[in-house]
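Everything below concerns the one structure shown next.
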Amino acid sequence: MPSPADLIELIEVRVARKTLEADGIASFYFARPHGGALPTFEPGAHIDIHLPGGHVRQYSLCNPAGETHQYQIAVLRDPASRGGSEALHALVAEGDLLTISPPRNHFALQSGNGHSLLMGGGIGITPVMCMAEWLARNGGSFELHYCARTPSRTAFLNLLRGGSFADKVHVHFDDGAAEQRLDLAQTLSSCPADTHLYVCGPKGFMDAVLGKARELGWPEHRIHFEYFGAEVVHQATDVAFEVEIASTGRVIQVAPEQSIANALGEAGIDLSLSCEQGVCGSCLTRVLSGTPDHRDMFLTPAEQALNDQMLPCCSRSKSPRLLLDL
Ligand code: FES
């Protein structure tokens, strides 16, 4: 039976433009090779890009939602990456053809008529900038906080500071004066009661913002986030365990240095995989018994605590056997 990933109709695009936005950050604009409209998308959406070398990576769309003549992504060159950002920066040039997925959105605006607190750390500005542009265009109430190391490494600075919603943009530099730094507790405490929080950025930034929001009592339904992928790290203490397939009773061994998805794949059981980093949610699988060792960044702490679903691309098991609803 084909997996859901097999059923997605991929799109061929041409790199219409590649521009340097800041130190180590490039924008890529994609369009249909022979013209024509791309599928519409909403703020927070991302696309999968199939890269030279066989990598598939997710990037948030950052051009105005509703545009169909092009998609724009911005990519930070990360030498520590598993080849995604390196491949885009070094190997992909204007005129190249690439394959992408249609946009998908796990990070959609939920605020209704309420206030939106948008927070982007580094290259995590991309989805929240798209949200800000859409909210400004549609009369939404919002503020955008953008945290970056230094102006030379800050993408879209002129666009945000010179744009139509510049009065709602607050930029905070790590190397700047103390008075311009982000006061997280104050920012999270001074919003209207109906505010929804949207956060995207590197793990340290996300952990700080989400941790403080939860500490201050923000309810989970008003907290929305999207992590960037990070390489799945196997720990020295990882041990082997078994996975049982509920539909067949088949039992598969997972070695200490192997992911569940990898072990299942070797046994001929293919999951729907995309990021393989516990970020996108594509491989979400129900757990019928056993205790997962959650290592993903997709489920909330409350969802993880229920132990009734897991991301087998990165998470493991605390019990000798997991029974998966496959
Ligand atoms: Fe993305 Fe597992 S493939 S979370």
Side-chain angles (χ1 to χ4, degrees), residues 1-8 10 44-51 53-61 73 75 78 81-85 87 99-108 123-124 126-127 199-203 206-207 210 224-235 238 241 243 245 252 254-255 257-288 290 292-318 322 324-326:
M1 193 168 64
S3 72
D6 297 328
L7 301 176
I8 294 172
L10 298 175
H46 70 271
I47 52 173
D48 294 349
I49 302 187
H50 295 245
L51 292 163
H55 298 286
V56 180
R57 288 289 177 271
Q58 289 73 42
Y59 292 97
S60 298
L61 296 174
I73 62 165
V75 181
D78 177 7
S81 80
R82 291 190 307 162
S85 71
T99 302
I100 65 171
S101 71
R104 284 181 291 177
N105 201 349
H106 302 309
F107 190 40
I123 197 63
T126 48
V199 195
C200 185
K203 189 170 185 322
M206 303 282 290
D207 289 349
L210 298 176
H224 315 279
F225 55 88
E226 189 158 77
Y227 275 93
F228 291 143
E231 183 141 9
V232 175
V233 178
H234 291 285
Q235 298 166 4
D238 286 347
F241 58 93
V243 166
I245 307 301
I252 289 145
V254 181
E257 68 289 348
Q258 213 178 13
S259 70
I260 297 175
N262 185 250
L264 293 179
E266 284 186 2
I269 302 164
D270 288 327
L271 296 172
S272 173
L273 293 174
S274 185
C275 71
E276 298 184 62
Q277 296 175 322
V279 173
C280 72
S282 297
C283 65
L284 191 65
T285 302
R286 283 215 310 144
V287 178
L288 302 176
D293 178 0
H294 297 286
R295 299 189 183 179
D296 66 280
M297 293 173 279
F298 179 78
L299 298 170
T300 64
E303 288 170 333
Q304 288 183 344
L306 292 174
N307 286 332
D308 60 352
Q309 52 186 346
M310 71 181 302
L311 283 312
C313 67
C314 62
S315 295
R316 302 185 64 78
S317 183
K318 289 181 178 166
L322 288 173
L324 298 184
D325 188 16
L326 292 170

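Whatever order the structure lists ligands and atoms in, that order sets their numbers, starting from 1. Note that the coordinates shown come from a computational prediction; the quantities given were computed from them, not determined experimentally.
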With side chain to side chain contact (heavy atoms under 4.5 Å, CB included) as the test, would you mind laying out the steps for His294 and Lys318 before giving the verdict?
-> CA-CA 9 Å; His294 297 286; Lys318 289 181 178 166; over 6 Å; no
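Tested against Ser272 for a side chain to side chain contact (heavy atoms under 4.5 Å, CB included), the candidates Cys313, Cys283, Ser282 yield a single pass: Ser282. Paired with Val287 under the rule side chain to side chain contact (heavy atoms under 4.5 Å, CB included), one option of Asn307, Leu324, Asp308 passes, and it is Leu324.
Checking side-chain atoms of Glu266 against main-chain N and O of Ala263 turns up no donor-acceptor pair under 3.5 Å.
For Asp207, the salt bridge (charged side-chain N to carboxylate O under 4.0 Å, His left out) criterion is met by Lys203, not counting sequence neighbours.
Atom 2 (Fe) of ligand 1 has Cys283 SG, Cys313 SG as protein N, O or S atoms under 2.8 Å away.
Side chain to side chain, Asn262 and Glu276 fail the donor-acceptor criterion of an N or O pair below 3.5 Å.
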